[in-house]
Structures are given as C-alpha cells and as structure tokens.
Amino acid sequence: MKAFKPAAMTLRGYVLPEEQYRKLEQLRDQLFLMAKVIYASTEEEEDVLLEVRRSNLGQLLEDFGLRVDEVVTALNCDGHRLQTPSQWH
C-alpha cells in the first residue's frame, strides 16, 4: 500500500491574494450588517416602513459590485478571461 502524499493532492478552485481575500471578507461583513439593520427585531418594527433614498441604496450596491469586481479581477492573474456560467456548457 502506498503512503499518502499531501503534496500530490491537486488544489481545486481559486487562490486569492491576501488583500483581495480581506476585501471579500469586508464585503461579507457589510452585507451581514445590512441584513441585521434591515431585519425587524420586534413585531411592532415588522410593520414600520424602512425609508432609504434610492441614490443611497444605488451607491451602496454599486460599491459592493466594484468590490466584487476587484476580487474577480484578482482571480484573472494569468491574462485569461474567466468563464462565466453561461460559458460552462
């Protein structure tokens, strides 16, 4: 029986530079924070409208999109374009 060799294992997926990984973590944390702010904590709050200006919400979502784009761009380090789900067939 052959001994197990960890070095022979193939890594699957992508490896992010640490800075990009941190950006992805920050984005995750901000999305969780937004969810906590939006969820009602009492029954009375459930019926209260949450007013958000469209421009503020648009700016926030655009910022999230730009951060995700930075991380995806970091995955494209060898000059090849990443495949999109529609190209997987």
> Same cluster for Leu66 and Val71 if Ile/Leu/Val/Met/Phe/Trp/Tyr side chains link at under 4.5 Å?
Replying inline: no
>> Are Leu31 and Leu57 linked, directly or through intermediate hydrophobic residues, by side-chain heavy-atom contacts shorter than 4.5 Å (ILVMFWY only)?
In response: yes
>> Could you measure the distance from the CD atom of Gln26 to the CZ atom of Arg22? Nearest 0.5 Å is fine.
In response: 9.5 Å
>> Filter on side chain to side chain donor-acceptor pair (under 3.5 Å), then keep only pairs touching residues 55-64, sequence neighbours left out; what's left?
In response: Asp63-Arg67
> Do you know the tightest heavy-atom contact between Gln20 and Ala74?
Replying inline: CG-CB, 3.2 Å
> Under a 4.5 Å side-chain heavy-atom rule over Ile, Leu, Val, Met, Phe, Trp and Tyr, are Leu61 and Leu27 clustered together?
Replying inline: yes
>> Counting only heavy atoms not in Arg53 (residues, nucleotides, ligands), do more than 12 fall under 6.0 Å from its CZ?
In response: no
> Is the number of heavy atoms from other residues, nucleotides or ligands under 6.0 Å of Glu45 CD greater than 12?
Replying inline: yes
> Once you round to the nearest 0.5 Å, how far does CD of Gln30 lie from CG of Leu60?
Replying inline: 7.5 Å
> Given the rule that I, L, V, M, F, W and Y join up when any side-chain heavy atoms are under 4.5 Å apart, are Ile38 and Phe64 in one cluster?
Replying inline: yes
> Got a sec: does the CD of Glu18 have more than 12 other heavy atoms crowding it under 6.0 Å?
Replying inline: no
